[in-house]
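This report concerns only the one structure given below.
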Amino acid sequence: MNIDSVARFISRLQYQSGEIPWHIDGKTDPWDLVESAMGLNIGGFYDPSKQAFEWMARNQNSNGSWYSSYIKGIPKDRTMETNMAAYIATGLLHTWLITRDTPFLKKMWNCLEKAMDFSISLQTDSGEIYWAKSPEGKVDPMALLTGCSSIYMSLKCALTIARLLNKKKPLWEKAFHKLGRSLKEDISIYNISKSRFSMYWFYPVLSGALTGDAATRRIEKYWKKYIIEGQGVRCVSDRPWVTMAETSEFVLTLFAMGNVNLARIVFSWIQERTYEDGTFWCGYTFPDMTIWPEEKISWTNGVVLMAADALYGLTPAARLFDHNAWDGFLFKECTGETPA
């Protein structure tokens with residue numbers, strides 16, 4: 001794959017404001033904007049990446065959230081989702097690992113702090129975090145396994161950033177431990193309506209909530225449900241639709257577990273699923289190999305870059321999802337330790 005071409009594609013989608021839509025004239029959502037910004041980091045487009053985070057800071061709601069979607073800066077869906085708010089922490093730590101730009105991290109601290117406080121404000125006594133507030137400000141009392149797994153990863157990153165900036169966040173630490181216990185010990189409390197989606201399968205492992213034997217058991221148990229051998233990962237278990245984003249995230253998951261050889265095999269399955277300019281398809285149906293949708297998607301290409309980075313060590317952030325690179329909620333490379 002051509003790293004520069006893929007990253008440059010994302011940069012060309014970006015508006016002068018810093019906002020990065022899904023595709024030309026498409027919507028923007030905060031989670032996928034961060035994913036795109038991380039892709040820009042890997043391609044060396046550091047200023048456009050920072051501009052994306054600055055757009056986040058300017059458009060943050062007073063309660064620390066963002067709206068679920070925007071069109072050229074105008075809110076479209078005013079739902080406020082907890083995992084979308086928290087994911088900025090993952091993007092900011094990724095940025096720092098590559099650029100070591102501590103002044104930028106300090107500049108973004110207030111934004112990050114409000115975002116994490118919003119997310120954990122919807123945590124229950126049993127540890128799970130409700131997924132959203134409605135446009136009217138009402139909490140939707142439903143916890144999603146994928147979303148909470150993403151928040152778990154974001155809490156790790158946020159607490160590592162706090163350590164880097166000499167900030168003490170005991171409430172974040174408490175939230176991290178409560179959420180971790182729920183993901184490890186009581187997955188049954190999470191809504192199963194999304195269990196058709198492959199992210200429901202591997203996100204608890206990708207985030208590091210499940211590691212070791214527990215991670216291996218979960219991946220092996222549902223392999224045949226979500227994998228099309230030689231092709232990639234289904235977006236949903238009952239549809240013959242392979243997506244590059246889910247496949248790349250699953251590659252990151254296998255890498256995180258230490259199964260690098262298998263990760264490389266799975267990643268090889270999608271290397272020819274590209275347009276003439278080297279950018280990756282969003283997805284395709286199997287076995288007829290019909291590209292769908294046809295739009296070139298920013299965040300799809302962002303996560304392909306993240307998978308490539310993990311497998312081939314393109315940047316100092318390559319091990320961000322590696323389970324062995326973490327000691328609880330602290331990234332070892334930020335604490336002076338050497339990852340195993």
Side-chain angles (χ1 to χ4, degrees), residues 30-31 34 37-38 41 50 53-54 56-58 60-66 80-130 133 139 143 147-185 207-209 211 316-317 319-340:
W31 198 98
V34 171
M38 289 193 280
N41 285 336
K50 289 178 181 178
F53 289 111
E54 289 166 350
M56 295 277 286
R58 290 194 304 273
Q60 189 174 31
N61 296 322
S62 60
N63 66 359
S65 71
W66 286 270
M80 295 163 279
E81 301 182 39
T82 50
N83 73 302
M84 285 193 177
Y87 200 53
I88 192 172
T90 304
L92 287 173
L93 181 57
H94 185 269
T95 301
W96 185 86
L97 288 171
I98 293 174
T99 66
R100 291 303 201 265
D101 189 344
T102 302
F104 181 71
L105 211 54
K106 291 178 179 178
K107 177 182 177 181
M108 293 297 300
W109 172 255
N110 185 55
C111 173
L112 170 63
E113 185 175 40
K114 291 193 298 181
M116 300 311 299
D117 287 346
F118 168 77
S119 292
I120 66 174
S121 73
L122 272 66
Q123 188 171 39
T124 72
D125 290 341
S126 51
E128 73 273 28
I129 295 175
Y130 290 146
K133 279 188 175 182
V139 176
C148 283
S149 296
S150 177
I151 295 171
Y152 183 82
M153 180 68 191
S154 295
L155 274 167
K156 291 196 297 185
C157 293
L159 284 162
T160 292
I161 291 170
R163 175 75 169 266
L164 286 168
L165 299 181
N166 296 312
K167 307 283 188 179
K168 295 186 182 298
K169 302 301 294 185
L171 292 181
W172 293 4
E173 293 182 26
K174 182 179 179 181
F176 167 80
H177 291 301
K178 286 172 60 179
L179 179 58
R181 280 195 299 271
S182 76
L183 292 168
K184 291 177 175 69
E185 301 172 7
S207 68
T211 60
R319 299 192 67 183
L320 181 60
F321 291 90
D322 184 349
H323 295 168
N324 287 329
W326 289 89
D327 180 11
F329 55 72
L330 294 176
F331 194 66
K332 292 179 182 178
E333 292 179 13
C334 297
T335 60
E337 298 181 50
T338 302

Checklist entry - Run the side chain to side chain contact (heavy atoms under 4.5 Å, CB included) check on Tyr130 and Gln123 step by step: do they pass? => result CA-CA 6 Å; Tyr130 290 146; Gln123 188 171 39; over 6 Å; no
Checklist entry - Got a salt bridge between Glu81 and Lys133, using NZ or NE/NH1/NH2 to carboxylate O under 4.0 Å? => result no
Next on the checklist: Whether Glu54 and Lys107 form a salt bridge (side-chain N of Lys/Arg under 4.0 Å from carboxylate O of Asp/Glu) is what I want to check.
Outcome noted: yes
Checklist entry - So, Ser150 side chain and Asn83 main chain: donor-acceptor pair closer than 3.5 Å or not? => result no
Checklist entry - Is Thr160 reaching over with its side chain to a backbone N or O of Phe329, donor-acceptor style, under 3.5 angstrom? => result yes
Checklist outcome for this item: Heavy atoms of Ala158 and Met116 approach each other most closely as CB-CG, 3.8 Å
Item to check | Smallest separation among heavy atoms of Ala85 and Gly64, with atom names | outcome: CB-O, 4.2 Å
Next on the checklist: Can you see whether Trp326 has Lys332 sitting over its ring - NZ or CZ less than 6.0 Å from the centre and within 45° of the normal?
Outcome noted: no
Next on the checklist: Under 6.0 Å from the ring centre and within 45 degrees of the ring axis: does the NZ or CZ of Lys50 meet both conditions for the six-membered ring of Phe104?
Outcome noted: yes
Next on the checklist: Under the criterion side chain to side chain contact (heavy atoms under 4.5 Å, CB included), I'd like the reasoning laid out for Ser119 against Leu155: C-alpha separation, chi angles, the key distance, then a yes or no.
Outcome noted: CA-CA 10 Å; Ser119 292; Leu155 274 167; over 6 Å; no
Item to check | Spacing of Asp327 atom CG and Lys156 atom NZ [to the nearest 0.5 Å] | outcome: 11.0 Å
Item to check | Met153 vs Tyr87 side-chain heavy atoms within contact, under 4.5 Å | outcome: no
